[in-house]
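Notes to accompany the following structure.
Fair warning: this is a prediction, and the values are worked out from it, not measured in the lab. Each chain gets a letter, A, B and so on, in the order the sequences are listed, and its residues count up from 1.
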Amino acid sequence: MPNDWKTYKPLLLPAIKDLHEISIYEKNNGYQALRKILKDRETWSPKNVTSEVKTANIRGRGGAGFNAGLKWSFMPEPDGKPRYLACNGDESEPGTFKDRKIFEFNPHLFIEGAIIAAYAMQVEVIYVYIRGEYRPFVKMLQKAIEQAYEKGYLGKKVQGSDFSVDMYTHMGAGAYICGEESSLMESLEGKRGYPRVKPPFPAQRGLWGRPTTINNIETLANVPLVMNYGADWYLRIGPDTHPGPVLYGISGHVNRPAVYEYPAGMNIMTLINDVAGGMRGGKKLKALIPGGSSTPPLRADMLEGVTMDADSLREAGSMMGTAGMVVMDEDTDMVDLIWRISYFYAHESCGQCTPCRDGTGWLEKTLRKIKNGDGELRDLDLLLAICHRMEGRTICALADAAAWPVRYSIDRFREEFERKCKKTVYAVA
Amino acid sequence: MSETKSFNAKDLSEIEKLTAKYPEKQAAVLPVLWYAQDKFGHVDPSVQKLVAQTMDLPEALIYGVVTFYTQFYEKPMGKHVLDVCTCLSCQICGGYDILHYLEEKLGIKAGETTPDGKFSIQSVECLGACAYAPMLQVTNDKYVNHLTREKVDQLIEDLKAGKQPGFESNKMPQHENGSD
Ligand SMILES: Cc1cc2nc3c(=O)[nH]c(=O)nc-3n(C[C@H](O)[C@H](O)[C@H](O)COP(=O)(O)O)c2cc1C
Ligand code: SF4
Ligand code: FES
């Protein structure tokens with residue numbers, strides 16, 4: 001099994017020249033999973049496909065890590081009216097830049113996965129929501145979609161079967177919040193991207209009030225692997241509880257920042273020191289954000305033996321998120337960094353919920369004060385109090401995502417924050 | 001001064017095609033705004049009005065959408081808009097140095113446009129190119145990565161000479177000594 005990273009050969013993004021061309025993709029086992037399903041509809045009924053994917057436990061790569069097949073099974077029985085699959089290529093979480101690799105290097109793997117997902121959920125229309133800044137990548141995907149139509153993998157009666165499916169791209173226009181699944185649907189419907197109150201969940205009432213499932217691009221790219229080689233095979237890649245290949249986006253102070261594909265559960269220090277070429281300029285590692293800006297930063301001394309999977313990261317005090325790893329060296333100013341993250345969330349809050357709209361603003365203002373040397377020790381308590389009033393009290397998880405980095409940094413880098421604060425002494429009367 | 005803007009027959013048929021992708025016409029608001037911005041360079045109130053009339057939707061709705069999304073230009077911008085990422089990974093890899101260098105070089109601050117209308121600079125959030133920091137995006141299109149002062153100088157000269165940057169592919173290290 002491909003679990004030794006030194007001999008691991010990428011499965012999602014294999015090193016095959018021009019794989020983005022459909023003819024090359026087909027020559028390399030491409031669209032075979034879809035063909036296999038459509039050829040033997042008895043073995044591969046929609047329910048059986050869903051159950052195979054569920055067994056494989058592909059954990060959502062968009063950040064929440066939810067079992068993809070299980071999510072598909074929440075779709076109600078078809079009632080003859082439209083239902084939708086929305087593919088999430090918004091990729092706006094700071095530190096995350098992996099779905100674009102799929103659009104560029106292996107778009108057909110994603111397209112095939114999305115078609116299989118549509119088949120399993122008996123969906124006939126797929127929308128691919130891609131952030132507006134990725135315009136060049138939207139064009140790449142569009143070209144691949146056209147090729148798939150020409151070859152009869154998309155459109156009416158796929159490969160001569162009675163299954164029909166259309167795929168359309170939809171370009172965002174600059175809004176992080178549109179990556180949140182209900183905001184994404186609002187944006188697709190041509191509105192301001194305000195997240196919806198849940199329940200009802202998308203599987204009950206999604207796009208235009210109809211059953212809808214939202215999956216990340218990388219999540220769907222895993223589907224053909226499962227259908228080609230089986231759930232048992234897939235489960236043997238990486239840890240039992242978090243299987244499969246993962247696109248690790250490594251950025252920050254390493255010698256070779258890039259996207260790397262390895263099994264889930266890679267040792268963090270191996271990723272930093274061996275895979276990404278070690279710390280830039282021989283500096284010491286100070287901290288790591290393991291999975292995009294929303295995941296709590298970890299101090300270097302907390303990383304011993306920690307691996308990139310949900311369980312290990314939870315134990316260490318963080319989360320897997322998008323596996324967008326930001327590596328920070330000893331010269332990094334954590335107060336500055338956390339202020340900039342807070343600025344991001346204040347800028348991106350949609351403003352619907354008061355705790356989030358005001359909370360993100362106050363976090364940013366207070367951190368700016370501290371970073372500029374005008375803060376006082378009691379401002380640290382104020383920050384924690386603001387976090388407390390945001391967490392779990394809003395329509396979507398942006399407020400939590402904004403609070404966590406602040407809360408955990410104050411806890412884990414307290415001295416650094418205190419050093420920037422004025423030591424005001426208050427007289428006790 | 002402000003000439004009335006309009007869509008020609010070809011525009012209208014393109015807009016119809018965009019609308020056909022959705023069960024409801026309002027869903028085409030973002031694609032149509034993109035189309036309009038490509039044609040007019042921005043979506044100021046006069047363009048918003050045109051889009052509203054063409055799609056037979058309230059102007060207030062179009063205005064609401066335009067103001068929610070940062071990539072829609074609510075007023076005319078410089079010919080070249082330079083969006084410098086200063087977020088997380090870019091912040092710690094010199095994004096602000098690049099921003100300040102550009103500000104100095106062009107004599108304007110982030111959020112401003114040069115008096116000759118050639119360049120606008122903006123400080124923006126993560127563009128999904130974190131490993132290639134510091135980086136910027138040119139007028140909602142190509143990314144220019146691994147910026148240095150020299151690379152910025154070159155870019156400005158190229159843009160002045162009418163040369164747009166090409167697409168920079170960032171190969172995966174695992175592909176570099178790949179099998180095929
Ligand atoms: C504020 C916010 C932003 C999000 N941004 C993204 C994103 O850019 N891409 C993405 O795939 N998921 C994003 N998500 C997660 C989605 O809501 C959703 O869980 C995901 O797309 C489901 O796909 P998956 O189960 O395949 O991961 C975001 C969530 C929140 C709360
Ligand atoms: S939590 Fe923030 S981003 Fe989410 S809906 Fe509320 S205000 Fe909007
Ligand atoms: S932080 Fe600048 S591109 Fe992601």
Next on the checklist: Does any backbone or side-chain atom of A:M140 lie under 4.5 Å from a heavy atom of chain B? Answer side chain, backbone, both or neither.
Outcome noted: side chain

Next on the checklist: Under a 3.5 Å threshold, yes or no: a donor from one side chain and an acceptor from the other, between B:T86 and A:R340?
Outcome noted: yes

Item to check | Contacting moiety of B:A133, where chain A heavy atoms sit under 4.5 Å | outcome: neither

Checklist entry - Under a 4.5 Å heavy-atom cut-off, does chain A meet the side chain of B:L61, its backbone, both or neither? => result side chain

Next on the checklist: I'd like to know which of A:S187, A:S293, A:C350 tops the heavy-atom pair count under 4.5 Å against chain B.
Outcome noted: A:S187

Next on the checklist: One pair to check against salt bridge (Lys or Arg N to Asp or Glu O under 4.0 Å): A:R135 and B:D38. What are the steps and the verdict?
Outcome noted: CA-CA 12 Å; A:R135 196 167 194 168; B:D38 284 349; 2.5 Å; yes

Checklist outcome for this item: Residue from B:A28, B:C85, B:C126 scoring the most non-hydrogen pairs under 4.5 Å with chain A is B:C126

Next on the checklist: Looking at B:F40, I want to see if its CZ is surrounded by more than 12 non-hydrogen atoms of other residues, nucleotides or ligands under 6.0 Å.
Outcome noted: yes

Next on the checklist: With a 4.5 angstrom heavy-atom cut-off, is it the side chain or the backbone of B:N140 that approaches chain A, or both, or neither?
Outcome noted: backbone

Item to check | Contact class of B:F167 relative to chain A, heavy atoms under 4.5 angstrom | outcome: side chain

Next on the checklist: At a 4.5 Å cut-off on heavy atoms, which part of B:Q137 comes close to chain A: side chain, backbone, both, or neither?
Outcome noted: side chain

Checklist entry - Given the options B:T70, B:V66, B:L33, which has more heavy-atom pairs under 4.5 Å with chain A than any of the others? => result B:T70

Item to check | Interchain contact, B:V124 with chain A, by part (heavy-atom threshold 4.5 Å) | outcome: backbone

Checklist entry - Taking the six-membered ring for Trp, are A:Y345 and A:Y176 parallel (under 30°), tilted (30 to 60°) or perpendicular (over 60°)? => result perpendicular

Checklist entry - Got a second to check how far B:K151's NZ is from B:L155's CG, nearest 0.5 Å? => result 9.0 Å

Checklist entry - Relative to chain A, which of B:S89, B:C87, B:A129, B:C93 shows the most heavy atom pairs under 4.5 Å? => result B:C87

Next on the checklist: Looking at every heavy atom in both B:H42 and B:Y73, which two are closest together, and how far apart are they?
Outcome noted: CB-O, 3.6 Å

Next on the checklist: Can you tell whether the side chains of A:K283 and A:D329 come within less than 4.0 Å, N to carboxylate O?
Outcome noted: no

